[in-house]
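Quick caveat: nothing in here was measured; it's all calculated off a predicted structure. Note that these values count all heavy atoms, side chains included, but never hydrogens, waters or copies made by symmetry.
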Amino acid sequence: METPSSNISAMTLQLGSYQAAIDAKLQDFKARNFTAGFWQKQADLWVQDAEAQQSLRSFMGWLRVAETMLPRVGEMEEFAREVKAAGFQHVVVMGMGGSTMTPIVFRQAFQQGPDALPLSVLDTTNPGTVREIEESVPLAQTLFVVASKSGTTAEPLAFGDYFYARLKEIKGDKAGENFVAITDPGSKFVTQATEEGYRRIFLNFAEVGGRFSALSYFGLVPAALYGIDIKTLLERAIDMMRATGSEGDVEQNPGLELGVALGVLARQGRDKLTLVVPGTISDFGLWLEQLVAESTGKEGKGIMPLAGDPLNGPEVYGQDRVFVYVGFENQPDEQNRQKVAALQAAGHPVVTILMRDALDLGAEFFRWEVATAIASAVLEINPFDQPNVQAAKTATDQLMKVVVEKGSLPEESTPVLQENGLDYYTNVAGGSAVEVLRAFFGQSKPGNFLCIQAYLQESEALNQELQEVRSLVQQHLHIATASGYGPRFLHSTGQYHKGGPDNGLFLQITTDHAQDLPLPGRPYTFGTFQNAQAAGDLKALQDYNRRTLRVHLGSAGEAQGVGTLLTALREALA
């Protein structure tokens, strides 16, 4: 099945034996005038409970946000020129989840525009990363964009307070000139930003949820500062809107076709959406992970998106996969395409999307938002809530109250094993690291996945080691693998981890913070904050009876500690 259009990037669906079931569901949706109801925000397409329907409708403002933003392009571009003229030399976007995923994608997919500013993104409480950002930019000439939809998210407020205090040391009462807020109208953060003299406050839209906010101020203000042609980006998104029925019925609806395919495949056990992309847009996977996992992973159902899962031959994959290749028409990327072709030949369903250039990302953001919402309709769930994300936040908040009252986190339980400087915490026993790892991974079953949760400082060396862990597990156990840095993933795939089906094995890796950073106005440090988030997430997983193993690296270097873990894992899986 192919969706041709001169105005949008081509999509091909090769669905093999699943095609008949998908065609039947498409016919069912067309008979129910699904597309028309979708654009009319007809909530009973998803859920039947009246209260849930009202909540669902209140978060569908993303449907036409590209049209809303197009007349505001001049305003954002003028702001970018103003910032440049004022002598700023760098931009740091600070937030979590949907507030920062799109800028991360843009920074990788596009070259910095002429007369634009270099862009960094801070979305972790790891003190080493905060310090790394601080040391890499000229503080007095850096514009800090504090992005928080609710205005109450703990991490961006902490980032803003930290760098505001640093700028106050340099510029005194003029510190606010270096700060921009992006938040919803009426949030408490508007009051704080006003009192602190922020240079600009961009008010977003309450009816646009964070993970559906790519084409709002959250994605577009950083894009304008970085020099991206946001007008063309939005125009291509609007082309995709029209292709999906925004102006009336369409012969072929690419969002509907993709969403129905993903939903039906998930219902038939193909619930691991494995993304394959060229290196130039690998961060697109981070954005897609949050959108799909947080929208669909609830009520024991869901689609698990996998970014960066090692791509191999058909022999290492189970029957739980659907492969999606997103690339460019004019870039060969032969190695990836050949492997995907071999997987399709072996009977795995494959979706191929070929963009003309990076500006087509505007259209792809919208295609995937529509498809995710429609897959949720097939699964009969509300794609716009995230009921289980709160579990980790609540557990973390309780721990932070202890920190405030007593000055430190509660004492930890005793590890089941201490070996080579590493502490192992799990409910499986073993007399050595190899035995503990063998027992933990021995719980794996077909259709499961491993999720590595690294509460560490991201680095290229560490990325490579974590990728090797994923490769080892894939080769020996033939299960899917995911990897995320904490607390980033808490605001994305964390919803699926607790609310989705019980098919995950969770390997959490933590460390001591030898060089910590204090947080202004708080009786704790960034390191304590991150440790509390790790402990809170672990407790939430265990409360949902998930299979967990925490490995604490102690004072050992992160790369060295993970290397020690890798050595034991190789023997355990051999």
Side-chain angles (χ1 to χ4, degrees), residues 125-126 391-396 398-400 402-403 408-444 448-457 462 465-466 469-470 472-473 477 481-487 489-490 493-494 497-498 502 504-514 527-573:
T125 49
N126 182 275
K393 290 183 180 179
T394 300
T396 300
Q398 290 170 347
L399 290 168
M400 295 312 293
V402 175
V403 172
S408 62
L409 285 165
E411 285 192 25
E412 295 196 87
S413 59
T414 304
V416 298
L417 178 75
Q418 293 179 300
E419 182 178 298
N420 293 329
L422 307 188
D423 297 338
Y424 295 79
Y425 298 84
T426 184
N427 59 1
V428 296
S432 67
V434 168
E435 290 176 6
V436 168
L437 289 166
R438 191 172 287 151
F440 174 70
F441 284 104
Q443 301 172 99
S444 168
N448 282 184
F449 71 95
L450 167 69
C451 179
I452 305 169
Q453 303 180 334
Y455 285 86
L456 308 171
Q457 180 177 356
L462 195 53
E465 288 192 318
L466 296 178
V469 173
R470 297 176 73 173
L472 271 172
V473 170
L477 300 180
T481 68
S483 181
Y485 283 93
F489 71 83
L490 290 180
T493 52
H497 297 163
K498 292 102 178 173
D502 180 13
L505 285 82
F506 298 91
L507 171 61
Q508 187 188 87
I509 309 175
T510 57
T511 187
D512 295 336
H513 301 286
T528 300
F529 189 13
Q530 187 180 38
N531 289 345
Q533 290 176 305
D537 187 39
L538 190 65
K539 182 181 186 308
L541 288 168
Q542 291 169 345
D543 286 346
Y544 284 98
N545 297 314
R546 300 318 199 213
R547 292 160 286 179
T548 64
L549 167 62
R550 176 185 168 219
V551 180
H552 186 65
L553 307 182
S555 56
E558 294 183 0
Q560 178 186 343
V562 175
T564 301
L565 177 62
L566 255 172
T567 299
L569 185 60
R570 285 192 193 97
E571 187 176 342
L573 296 179

For this session: Could you give me the CA-CA distance, side-chain angles and deciding distance for Q508 and T548, then say whether side chain to side chain contact (heavy atoms under 4.5 Å, CB included) is met?
Result: CA-CA 7 Å; Q508 187 188 87; T548 64; over 6 Å; no

For this session: Could you walk me through whether L549 and L437 pass side chain to side chain contact (heavy atoms under 4.5 Å, CB included), step by step?
Result: CA-CA 9 Å; L549 167 62; L437 289 166; 3.7 Å; yes

For this session: Under the side chain to side chain contact (heavy atoms under 4.5 Å, CB included) rule, what do D423 and E412 come out as? Steps first, then yes or no, please.
Result: CA-CA 11 Å; D423 297 338; E412 295 196 87; over 6 Å; no

For this session: Begin with the C-alpha distance, continue with both residues' side-chain angles, and end with the deciding distance and a verdict on side chain to side chain contact (heavy atoms under 4.5 Å, CB included) for N448 and R547.
Result: CA-CA 11 Å; N448 282 184; R547 292 160 286 179; 2.9 Å; yes

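Proximity of V469 to T481: side-chain heavy atoms (C-beta onward) are nowhere separated by under 4.5 Å. You'll find the side chain of V436 stays beyond 4.5 Å of the side chain of E419, heavy atoms only. Between L422 and L553 there is a side-chain heavy-atom pair separated by less than 4.5 Å.
Atom CG of D512 and atom CG of N531 lie 7.5 Å apart (nearest 0.5 Å). We find the CD-CD distance between E465 and Q560 to be 10.0 Å, quoted to the nearest 0.5 Å. Note that CG of L538 and OH of Y425 are 10.5 Å apart. Values are rounded to the nearest 0.5 Å. Atom CG in L399 sits 11.0 Å away from atom OG1 in T394 (nearest 0.5 Å). Atom-to-atom distance recorded for K498:NZ and L541:CG is 5.0 Å, nearest 0.5 angstrom. Note that CZ of F529 and OG1 of T396 are 7.5 Å apart. Values are rounded to the nearest 0.5 Å.
Counting only distance, with no hydrogens or angles, the side chain of S408 and the backbone of V403 share no donor-acceptor pair below 3.5 Å. No donor-acceptor pair closer than 3.5 Å links the side chain of E571 to the backbone N or O of V434. Between the side chain of R546 and the main chain of H497, a donor-acceptor pair closer than 3.5 Å is present.
Contact record, Q457 with Y485: C-CE2, 4.3 Å, taken as the closest heavy-atom pair. Counting all heavy atoms, side chain and backbone alike, Q530 lies closest to L456 at NE2-N, 4.1 Å. The shortest non-hydrogen separation linking N126 to H513 is ND2-CE1, 3.9 Å. Contact detail for S483 and L466: the closest heavy-atom pair is OG-CD1, 4.0 Å. Summarising the geometry of L450 relative to L507, their closest heavy-atom pair is CD1-CB, 4.0 Å, with the distance given to 0.1 Å. Nearest heavy atoms, Q533 versus Y455: O-OH, 3.8 Å.
When ring centroids are compared, F440 and F506 stay outside the 6.0 Å threshold.
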